[in-house]
Structure formats: structure tokens, C-alpha cells
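Let me begin by presenting the structure, written as C-alpha cells, before commenting on it.
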Amino acid sequence: MLLAGGWLLAGGVPAPLAQPPQPLPAPTSPPPAAPVESDEDSLLVRQPTNADEALSAAVLMVDLGRPQLARRYLQRTLEFIGDDEDQLLDLRDKRGPALFLRLARNQALQPLATELLDRSNRAVATRQRDPRYLDAIIDGLAATPEERAVSVVTLQGIGPAAVPRMLQRLDALEGAIDRDVLVFTLSRMGKQIAPPLIAAIDAPSEAVQQAAIETLGWLRAPEAVPHLWRPAFAAGASPAVRDSARQALARIERGRVGRAEEASAYGVPQRLKEIALAHFSGKAAWETGPEGLATLWTWLPETGTVGEVRMLPETASLYVGMQVARELLALDPADKTAQALVVAFALGWDALEAGWDQPLPAGAGTAHDLAILAGAKPLAHAVSLSLEHGNTLAALATLQTLAEVATREELLPKSGLESPVLAALNFPDSRVQFVAATTVLQLEPEGPFPGSHRVVEILARALTDTGSPGLLVIDPNEPRAIAMAGFIAGLGFHDRTVATGREGFRVAAERGDVELIAMHVNVIDWELTPTIVNLRADARTAAIPIVIYGPDAVAGRVQRLVERYPLVTFIVEGVRPAFVQDQLRPFVARLVAPPLTPEQRGARTAAAAYWLARIGRGQQRRLFDLTAAETALFDALRISDVAENALLGLASVPSASAQSRLGETVTNPNVDPGLRGAAAMQLALHIQRHGLLVPDREVVLLRQTWQTATDPGLQSTLAVVLGTLKPNAELSAERLLRVPPPRPPRPAAP
């Protein structure tokens with residue numbers, strides 16, 4: 001029997017049947033191990049001498065049901081190929097990619113068959129990016145009709161990977177290849193090449209722009225329409241590019257070639273705005289690979305052509321959204337939303353590139369400086385858009401920049417809308433809240449305003465913040481709630497669980513650290529819809545992201561809530577952390593910032609203590625009640641770097657508990673003597689302002705501390721404290737008699 005490789009089967013009979021029969025094992029013995037097949041068992045008269053023959057042998061062994069032998073010949077195929085990619089490509093070209101794929105799907109041939117497929121795919125990808133290989137094919141377009149047909153078919157098979165080199169050749173017009181031939185060939189390659197052609201619209205070369213636009217029109221690629229509006233209608237486009245873009249729009253949208261003047265820009269800005277906002281809010285859909293990365297085609301100035309880049313979906317949305325926002329602004333420079341979107345996207349992009357733990361890049365030509373030069377109005381609008389659409393990174397970057405140029409007017413509502421600075425006090429991210437609070441204090445408001453209590457709450461939380469965002473789980477089933485909290489905590493949250501919707505609302509409204517709420521679809525008292533309605537109706541909770549979880553069967557019922565209310569999503573509950581986290585990660589990544597670094601947390605703690613002390617010492621005490629920060633200020637006394645400011649803030653709280661805590665600090669022997677002395681002085685001032693508010697037992701403890709104090713400074717300051725207690729005449733006489741009598745005068749010298 002003659003085989004493809006030119007070999008004969010040994011005797012035409014499978015080798016195992018030609019061997020003497022083996023005795024059956026005893027019933028109690030374990031089954032024998034599978035025999036190790038040697039070259040003598042291979043059924044072949046002659047062993048393979050090259051990769052082609054070894055692959056033929058492997059295929060034959062698969063067909064004969066001999067997987068062990070097939071694996072051996074696959075191993076030899078790989079050994080014959082070695083590092084020679086040209087040999088591997090020749091083998092793939094001869095046998096076809098379908099064979100490699102069929103072998104890789106055979107579980108008995110793993111991992112060798114998969115290795116062979118992967119190596120061949122990598123080799124093909126490398127070859128398709130090789131300019132010399134592509135040039136040889138492109139040059140065939142200028143040859144005989146037969147060679148031209150072969151080149152067109154080959155380029156169709158290569159697909160998008162061939163477009164970058166074809167655009168370079170088109171721009172240079174190298175050789176005898178006509179521009180129209182290249183455009184015609186591109187149009188024959190199908191809609192698979194639309195993404196790189198769309199990226200080529202941004203080429204600096206008018207010839208490349210026009211060719212890409214014309215080809216997109218011939219391909220009738222609907223995904224190209226939003227990208228054709230700017231060259232079709234924006235001021236500044238060349239007449240040739242403008243006419244090509246309008247004709248391409250006519251082909252795509254009307255299915256025919258129309259005159260350029262028939263194209264209309266009606267409704268285009270609104271459609272661009274919707275696309276930009278979809279990317280800004282994270283609602284744009286991206287197809288991702290196994291690594292969770294989206295593939296994006298863009299113009300690469302360093303290579304002079306288009307290229308593929310891979311990035312996280314949220315990063316891709318920032319990149320594409322910025323392009324769309326710029327196109328929108330080019331069409332309508334006076335559009336306030338377009339201006340705000342460009343500011344928000346640009347600052348968000350710079351913040352992303354710099355990193356969460358780094359300041360915004362500043363200097364000539366940066367987004368920061370250009371946004372400031374554009375004025376406070378676009379910045380304020382950018383802050384509002386960022387808050388409305390839950391873009392944490394942009395909210396932080398725009399608010400920080402606005403704080404540098406804002407005036408008190410930024411605290412006033414405009415056109416019936418809440419001040420963006422005050423709205424940021426309730427944004428579900430502690431960084432944004434803190435910048436908003438310090439911005440308010442920098443502007444020194446002259447009168448009360450809605451939400452003023454939030455300023456002190458935010459500063460108080462920053463004093464003792466652990467740096468991780470808070471999670472609130474609402475679920476009547478306690479074991480399920482604890483399990484879900486544990487799953488989500490793996491994404492970097494510290495968690496708390498409650499049983500009812502009513503209790504969940506109360507906790508979320510009172511605590512400043514809740515940055516994510518997860519609730520079961522069957523939540524009780526209130527039920528699901530009333531709970532979400534109440535959370536969204538209260539300014540303190542309106543912007544906290546909500547995750548509804550439950551069985552897959554209820555997804556349809558919950559969908560209306562997800563669509564109706566902002567920052568709400570649904571996930572299917574599960575018993576594995578990875579199952580829950582994989583569903584949540586894209587939602588959380590867009591809305592919740594990474595934890596603060598130790599350096600950031602220390603700087604924010606110091607800033608919070610400074611501002612609280614400044615409130616306590618200044619005129620702003622009448623606007624900001626520090627009572628809500630009392631506990632945090634007392635706890636912060638243990639932090640040496642901020643203890644002095646925390647003490648000043650605590651001393652300005654006009655309550656009995658604050659006075660008691662000052663006394664506790666004074667009488668605690670484990671506290672630094674310097675801090676005890678400072679606390680004694682503040683206690684004396686507190687008693688002078690507000691009277692004695694502590695019980696008698698604490699007064700007794702203060703007296704005992706004065707009597708036993710060994711530090712002269714502390715003893716002297718404690719005397720001031722005791723003096724403020726208005727002692728009666730007897731106590732005053734007793735203390736005066738402790739004054740030592742005068743020393744006798746020295747005798748006069750003889």
C-alpha cells in the first residue's frame with residue numbers, strides 16, 4: 001500500500017498482531033501498562049527523513065488510531081523544523097492551515113499539536129508583517145493579469161495585516177503601481193480591513209486620507225460613518241478630502257454615488273455627542289481577547305502608517321472618546337458640551353498616563369495648562385459631566401484643575417443646576433470628595449450652603465481612613481451576604497453587611513466611606529425597587545454604584561432598573577470568587593479608584609488635620625460644625641505628624657465629650673509630655689469659653705495629675721487648668737499657703 005510519503009506498510013499488517021500473544025494476567029493482578037512503541041512498531045518500512053515526511057506519518061497514525069505513534073511523529077516534525085520558520089511556512093502552505101487546526105483539536109496529540117499550530121500561526125503573523133514579503137506581493141499588482149489576480153487573492157487572505165504596508169506604498173507611489181490599482185485592490189479585500197482604513201483618516205498625508213475614505217465608501221462600511229463626518233463637514237478640510245468623504249457617506253448611507261453637495265450635516269453633532277458620551281461613561285462595547293485587552297487601530301507617526309495597539313477597554317474608550325470629542329468640537333466650536341468633553345477626556349488621559357499616585361502633568365502644551373487657559377466655565381462643565389457619568393478619573397482630574405482657578409461663584413447654582421464643586425462632595429470616591437471639600441474651604445464661603453455638613457464629615461474620614469473603599473452588602477440571607485461580601489472584598493474593599501433595604505439606606509447615607517453597594521434581588525423592607533429609588537433620591541447616596549445580584553433567570557426583570565438608573569448593573573450570583581469578580585471587574589475598574597498609597601494617605605491625613613484646625617481657629621466655625629469630626633480628631637492624636645492640628649480641632653468642639661477627651665489626653669501618662677501640656681492649655685481655654693462640662697471625678701483626676709506631675713511645664717499648665725475651675729475661698733487659701741515663704745536675706749558683708 002503506497003502512502004503520500006512514499007513508504008510501504010511492513011507486510012501490510014499492524015505490528016502488534018504480528019507479535020506472539022501475551023498470557024492473560026491473573027484476575028487479581030493490576031492491568032499491564034500500555035506497551036512503549038518503538039520504531040519497529042511504527043508500521044513503516046522506512047522512517048521519515050524530513051519534516052514533511054514526519055507530518056505525513058503523524059497524519060497516517062491518527063487515521064489508523066495509533067495516537068502514541070502520531071505523537072512520536074509530531075515530535076519528530078518539530079525536531080526537523082527546529083528554528084527554521086521558512087520550512088514551517090512551506091509546510092503550512094503545502095498542507096494548508098486546516099490540517100494544523102484539525103490536529104490541534106485532537107486531545108490525544110496534546111501539547112505537541114497545539115505547539116505546532118501556535119508556532120505556525122506566529123510564523124505566518126511574522127511573515128505578514130515583513131515589508132519584503134508584502135512588497136513582493138504588492139509588486140505583483142503591476143505585473144501580468146494572472147500575477148495580479150494571485151496578488152489580490154493573497155492580499156485578501158492576509159487581510160488587515162497587509163493594509164499598513166499598502167498605505168505606505170500608496171503614499172510613496174513606489175514603482176509602477178498606479179494609485180487607482182491600490183485603491184481597487186483595497187476595495188476587493190472586504191470589510192475586514194475597515195478598522196485600519198478608519199485609522200488612516202487621521203493620516204497627515206492627504207493622498208492616504210483620500211484613498212482610505214474612498215475605499216471605505218466602496219466597501220460600504222457602516223462603522224466608518226461617524227469617522228467620516230469631520231472630514232465631510234468640518235471647516236479646514238481640503239476640497240478633495242471633503243468631496244471624497246461626502247461621496248463615501250452617500251455610498252454607505254444611501255447605497256449609491258451622490259453628489260458631494262447633497263450630503264447634510266444635520267444631526268451629526270448630536271450623534272457624535274452620543275458616541276463620545278458612551279465612551280466617557282464606559283458604556284461603549286469592546287471585544288476583548290483572552291487577556292481582557294481591546295484591539296485598536298490607530299495612526300502611528302513613528303512608522304508613518306496605521307498599526308494595532310492593545311489596551312484595556314477603559315483606556316481604549318478614553319482614546320477613542322477623545323478623538324470623537326475633538327471631531328465634535330471641530331464641527332461646532334461654540335458647543336459647550338463639546339468643549340467640556342475635550343477638557344474631561346484630555347485631563348483624564350493625562351491622569352491615566354501619569355498614574356493615580358502622581359500629580360497631573362503641568363507646563364506649556366499640557367492638557368492642564370490649556371484647560372486653565374480655556375477658563376473656569378469649560379472646566380466646571382467638565383466636572384459636572386464627569387460626575388454625571390461616573391467617570392472617577394476625569395472627575396478627579398477636572399476638579400483638581402478647577403480648584404486652581406475657581407472663585408466663590410463656583411459654589412453657586414447655575415441655570416438651576418447644582419454647583420459641580422458641591423455635587424462632588426457626594427461623589428462615590430473618597431479622592432473626589434476630599435478635593436471637593438478642600439476646594440470649598442479654599443474658596444471661603446461667606447454663608448451657609450446645602451451640604452455644608454459633608455465638608456467636615458469628609459475631612460473626619462480622611463483622618464483615620466484605611467485607604468480601601470467601603471462595600472455595603474444588603475441581603476436578608478446572612479450566609480449568602482457574608483459570602484458575597486468576601487468575594488467582592490477580593491477586589492480591594494472592606495465590607496459590611498445589613499439585612500434590609502431600609503437599614504442599607506441608613507448606613508450608606510451616614511457613612512462617608514461606602515463606595516459600592518451590592519444588594520440581592522430579593523432584598524426586603526424595602527424591596528429592590530424602593531431601595532434603589534431611595535438611594536438615588538438622596539444626595540448622599542445618589543452617585544454610589546449599585547450592583548444587583550441574583551440568579552440568571554431574573555436578569556430580564558432587573559434590566560429595566562439597570563437601564564433606568566445610572567451606575568447600576570446586574571451580575572449572576574455564584575459560589576466561586578472568580579466567577580463574581582470577573583463579572584464585576586470592568587464595572588468596578590471604571591468607578592472605583594485604586595487604594596491610596598501610604599504616602600498619599602499620609603499627605604491626605606495631614607491636610608485633613610490642617611483644615612480641621614483652621615476651621616476651629618477661624619471664622620468658618622460658624623459655617624462648619626466640627627462635632628461630627630470629634631471622634632476622628634481624638635483618634636488622630638495618636639498620629640504624631642498630625643496630633644498638634646488634631647488637638648486644635650478637638651479643642652474647638654463645644655461639647656462635654658470634647659472637654660472630657662482633652663482631659664483624658666492630659667491625664668494619660670502614656671501620651672507624649674509635650675502633647676499633654678498642649679492639651680492642658682487647650683483644656684483651660686475650653687473651660688474658659690464653655691464652662692466646666694466634665695463630671696467631678698474627672699476634675700479629681702486632673703488634680704491628682706497636677707500633684708504627681710514631674711514635668712515642670714506640664715505641672716505649670718495644669719495649674720492654669722485648675723485655676724479656671726473657680727476654686728472657693730478655702731481652696732484658694734489652701735493653695736496660696738503652699739507658696740513657699742521668702743528666703744531670709746543674706747547677712748551684710750562685714
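The minimum heavy-atom distance between Thr531 and Trp526, with the atom names listed, is OG1-O, 3.2 Å. Contact detail for Asp495 and Ala489: the closest heavy-atom pair is OD2-CB, 3.7 Å. In terms of heavy-atom proximity, Val306 sits nearest to Ala200 at CG1-N, 3.6 Å. A pairwise comparison of heavy atoms in Pro160 and Trp297 identifies O-CH2, 3.6 Å as the closest pair. The nearest pair of heavy atoms linking Thr497 to Ala485 is CG2-CB, 4.0 Å. Heavy atoms only, all atoms of each residue included: Phe579 and Gly574 are closest at CD2-CA, 3.8 Å.
For Gln581 (side chain) and Leu491 (main-chain N/O), no donor-acceptor pair under 3.5 Å exists by modelled atom type. For the pair Gln583 (side chain) and Val572 (backbone), a donor-acceptor distance under 3.5 Å is present. With hydrogens and angles disregarded, a donor-acceptor distance shorter than 3.5 Å links the side chain of Gln192 to the backbone of Gln156. Judged purely by atom type and a 3.5 angstrom limit, Thr315 has no side-chain atom pairing as donor or acceptor with the backbone of Met311. Thr114 places no side-chain N or O within donor-acceptor distance of the main-chain N or O of Gln110, the cut-off being under 3.5 Å.
With salt bridges taken as basic N to acidic carboxylate O contacts below 4.0 Å, none links Arg576 and Asp582. Between Arg310 and Glu287 there is no salt bridge, since none of the side-chain N atoms of the basic residue sits less than 4.0 Å from a carboxylate O of the acidic one. One finds a salt bridge joining Glu503 and Arg506 here, because a Lys/Arg side-chain nitrogen approaches an Asp/Glu carboxylate oxygen to under 4.0 Å. Salt bridge absent: Glu563 and Arg560 never bring a charged side-chain N and a carboxylate O closer than 4.0 Å.
Leu471 places none of its side-chain heavy atoms less than 4.5 Å from the side chain of Arg496. At least one side-chain heavy atom of Leu393 sits less than 4.5 Å from a side-chain heavy atom of Trp356. Looking only at side-chain heavy atoms (C-beta outward), Arg601 and Arg604 stay at 4.5 Å or farther from each other. In this structure, Ile193 and Leu219 have side chains that are in contact, with non-hydrogen atoms separated by less than 4.5 Å. Residues Ser430 and Glu515 have side chains in contact (heavy-atom distance under 4.5 Å, counting atoms from C-beta outward). Taking the side chain as every heavy atom from C-beta outward, Ile201 and Arg230 approach each other to under 4.5 Å. Between Val432 and Leu387, some side-chain heavy-atom pair lies under the 4.5 Å cut-off. Proximity of Ser317 to Phe280: side-chain heavy atoms (C-beta onward) are nowhere separated by under 4.5 Å.
Rounding to the nearest 0.5 Å gives a distance of 8.5 Å between CZ of Phe233 and CG of Leu331. Residue Arg251 holds its CZ atom at 4.0 Å from CH2 of Trp218, rounded to the nearest 0.5 Å. Atom CZ in Arg102 sits 9.5 Å away from atom CG in Leu109 (nearest 0.5 Å). Here the CG-CD distance, from Leu379 to Gln339, works out to 11.0 Å after rounding to the nearest 0.5 Å. Summarising the geometry, atom CG belonging to Asp429 is positioned 11.0 Å from atom CG belonging to Asn391; distances are rounded to the nearest 0.5 Å. The structure places CG of Leu516 at 6.0 Å from CD1 of Ile488, a figure rounded to the nearest 0.5 Å.
The side-chain hydrogen bond (donor to acceptor under 3.5 Å, both in side chains) contacts involving residues 472-489 comprise Asp475-Arg480, Asp475-Tyr549, Arg480-His520, where partners must be two or more places apart or lie in separate chains.
Between Trp286 and His279, the two ring planes are tilted [angle within 30° to 60°].
Put simply, the residue from Leu328, Leu329, Asp335 that forms a side-chain contact (heavy atoms from CB on, under 4.5 Å) with Leu272 is Leu328. When each of Ile546, Leu561, Val554, Val547 is paired with Phe570, the side-chain contact (heavy atoms from CB on, under 4.5 Å) condition holds for Val554 and for no other.
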For Met322 and Val342, run side chain to side chain contact (heavy atoms under 4.5 Å, CB included): C-alpha distance rounded to whole Å, both residues' side-chain angles, the deciding distance at 0.1 Å, then the answer.
CA-CA 6 Å; Met322 178 62 178; Val342 170; 4.0 Å; yes

Evaluate the side chain to side chain contact (heavy atoms under 4.5 Å, CB included) criterion for residues Arg536 and Thr541: first the C-alpha distance (whole Å), next the side-chain angles of each, then the deciding distance (0.1 Å), finally the verdict.
CA-CA 6 Å; Arg536 286 293 172 259; Thr541 59; 5.7 Å; no

Report the C-alpha distance between Leu535 and Ile517 in whole Å, list the side-chain angles of each, state the deciding distance to 0.1 Å, and finish with yes or no for side chain to side chain contact (heavy atoms under 4.5 Å, CB included).
CA-CA 10 Å; Leu535 286 168; Ile517 297 173; 4.0 Å; yes

Using the side chain to side chain contact (heavy atoms under 4.5 Å, CB included) rule, take Leu312 and Thr288 through it: C-alpha gap first, then chi angles, then the decisive distance, then the call.
CA-CA 8 Å; Leu312 292 170; Thr288 57; over 6 Å; no

Could you check Glu274 against Arg271 for salt bridge (charged side-chain N to carboxylate O under 4.0 Å, His left out), going step by step and ending with a plain yes or no?
CA-CA 5 Å; Glu274 291 170 358; Arg271 293 164 73 182; over 6 Å; no

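At most 12 non-hydrogen atoms from other residues, nucleotides or ligands lie less than 6.0 angstrom from CD of Glu527. For Arg431, the CZ atom is densely surrounded, since the number of other residues' heavy atoms within 6.0 Å is greater than 12.
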